[in-house]
Number of protein chains: 2
Amino acid sequence: MVIKARSGEREDALSRKKIVDAAVAMLDGGSELTFRALAAQLRTGPGAIYWHVANKSELLAAAADAVIEDTESPAGEPERALRTLALEVFDAIDAHPWAGAQLARLPSQPTVLRIFERIGRQVQALGVPETDQFTSASAILNYVLGVAGQHAAQRQSIEPGTRRSEVLEAASTNLDPRVYSFTRDVAGQLREHDDRVQFLAGVDLILEGIAAKKAKSVS
Amino acid sequence: MVIKARSGEREDALSRKKIVDAAVAMLDGGSELTFRALAAQLRTGPGAIYWHVANKSELLAAAADAVIEDTESPAGEPERALRTLALEVFDAIDAHPWAGAQLARLPSQPTVLRIFERIGRQVQALGVPETDQFTSASAILNYVLGVAGQHAAQRQSIEPGTRRSEVLEAASTNLDPRVYSFTRDVAGQLREHDDRVQFLAGVDLILEGIAAKKAKSVS
DNA sequence: ACCTGAACACCGTTCAAGT
DNA sequence: ACCTGAACACCGTTCAAGT
């Protein structure tokens, strides 16, 4: 008598996880996510996917969720923890640009709430007065997601290999110097800058603002 | 002999401007932008639009450009000017949520460069040391675009009339209090908050950070 | 319960043909 | 030079029919 494998163990059985994983692989591979292509890779018809996933929007959200993992927030100094947190998000989006676009678009996603929560706890640990906690955490989150969106768009629109600074510099060279004097001025500085370092400097700026406001409210 | 009107004066003549205007009207009306629907409204075939516009992406960019106007940056105190600038962008996106999504997605758009330039000039006027100018202007821009994207997504996904705070509060009530302690804590504060005020408070936070950093580098 | 795949109602874009 | 609209190559989603 043959013992039937439980469906969870059958290698060819479809599952939500298997679908999401395949979607992530497809998006990471640079292809557009399509139910037909996804179905073909999973060796089914497109209709089969709908048994496990409500629609494309939900699948995209689940894929982004899968890729921005809860890495344990490091203990210790809250300012250091916030920087680490921000860099983790930056690196995850750098590795999966499509997820960045997704986060910037669907702010009520569980992923975003999770990031917000982790930021907020460190803001509390920082000793920010209660009235300013929401504003402070929001500012950091918005900055992170803003950069995420930008970075994602840049990564997706530029041939891989070229650096963002090169593009910005090239673009700024063609600008009317009278109208875009500032942009042209700083474009030169871009050459030695690194997106990641730049991103972190912005986080530090916001942290400095939080510290300054805290100092004021205490006195 | 009949004098032929120049094509620019013919009422029914198609033009890039007329197409972009119709696209803006459609998007503001809450409909999805479609070449077929757009053509129908302009009483042509979809192919006609391609004579004036390269593709949908360009049309979307042009529509966003048309809606985020260069209102003259106010002279005077640079900190005040930056706040006004930020609020102008916020209000424009509040009025045209689809444009917010567009800006967050296509950072190399002329519109974004223009905003960046205007921010940068005020940062210079603020007396920020040269090395920090790019970082400071980027932080503000990223914050503004980040909020823009969030706000746009929220406005598009929520039934008009309901306030964002209500949604966030309702969502947070269903969260596991152990996992989302911070979010639940601040969700209560949301009731009396206003997105616009909240947005401005974040801008002030960054401005405070810039001021603090400047003070440090001087001493 | 889960899968299949044809069918429906759309898309953006192209292009021969017209004026 | 500019417009027309049929046609091409796709989409997401549904659903009767199968197992």
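In what follows, every heavy atom counts, from backbone to side chain, and hydrogens, waters and symmetry copies are set aside. All chains are named by letter (A, B, ...) in the order of the sequence lines, taking the proteins before the strands, and each is independently numbered beginning at 1.
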**Student:** Please give the distance between the C1' atoms of C:dC15 and D:dC3 as a whole number of Å.
**Tutor:** 13 Å
**Student:** I need the minimum non-hydrogen distance between B:Ile119 and B:Leu85, along with the two atoms involved.
**Tutor:** N-CD2, 3.7 Å
**Student:** Starting from Watson-Crick (N1-N3 plus N6-O4 or O6-N4) and G-U wobble pairs under 3.5 Å, report the runs of at least three that DNA chain D belongs to.
**Tutor:** C:4-8 with D:12-16, C:12-16 with D:4-8
**Student:** Determine whether A:Asp185 and B:Phe134 satisfy the following criterion, side-chain contact (heavy atoms from CB on, under 4.5 Å), listing intermediate values before the conclusion.
**Tutor:** CA-CA 9 Å; A:Asp185 282 0; B:Phe134 180 77; over 6 Å; no
**Student:** Within this structure, what is the CH2-to-C1' distance between A:Trp51 and C:dG5, rounded to whole angstrom?
**Tutor:** 16 Å
**Student:** Please check if the distance between the ring centroids of A:Phe116 and B:Phe182 is under 6.0 Å.
**Tutor:** yes
**Student:** Report yes if some heavy atom in the side chain of B:Arg114 is under 4.5 Å from a heavy atom in the side chain of B:Asp65; otherwise report no.
**Tutor:** yes
**Student:** Which distance, rounded to the nearest 0.5 Å, do you find between the CD1 of B:Ile68 and the CG of B:Leu103?
**Tutor:** 5.0 Å
**Student:** Of the non-hydrogen atoms in B:Arg184 and B:Leu175, which two are nearest, and what is the gap between them?
**Tutor:** NH1-O, 3.1 Å
**Student:** Does CD in A:Gln41 sit with more than 12 non-hydrogen atoms of other residues, nucleotides or ligands closer than 6.0 Å?
**Tutor:** no
**Student:** What is the distance, rounded to the nearest whole Å, between atom CD1 of B:Ile49 and atom C1' of D:dG5?
**Tutor:** 13 Å
**Student:** Of the non-hydrogen atoms in B:Asp28 and B:Ala95, which two are nearest, and what is the gap between them?
**Tutor:** OD1-O, 4.1 Å
**Student:** If a protein heavy atom is under 4.0 Å from the base, mark B; if only from the sugar-phosphate, S; if neither, -; do that for nucleotides 9-19 of chain D going 5' to 3'.
**Tutor:** --BBBBB----
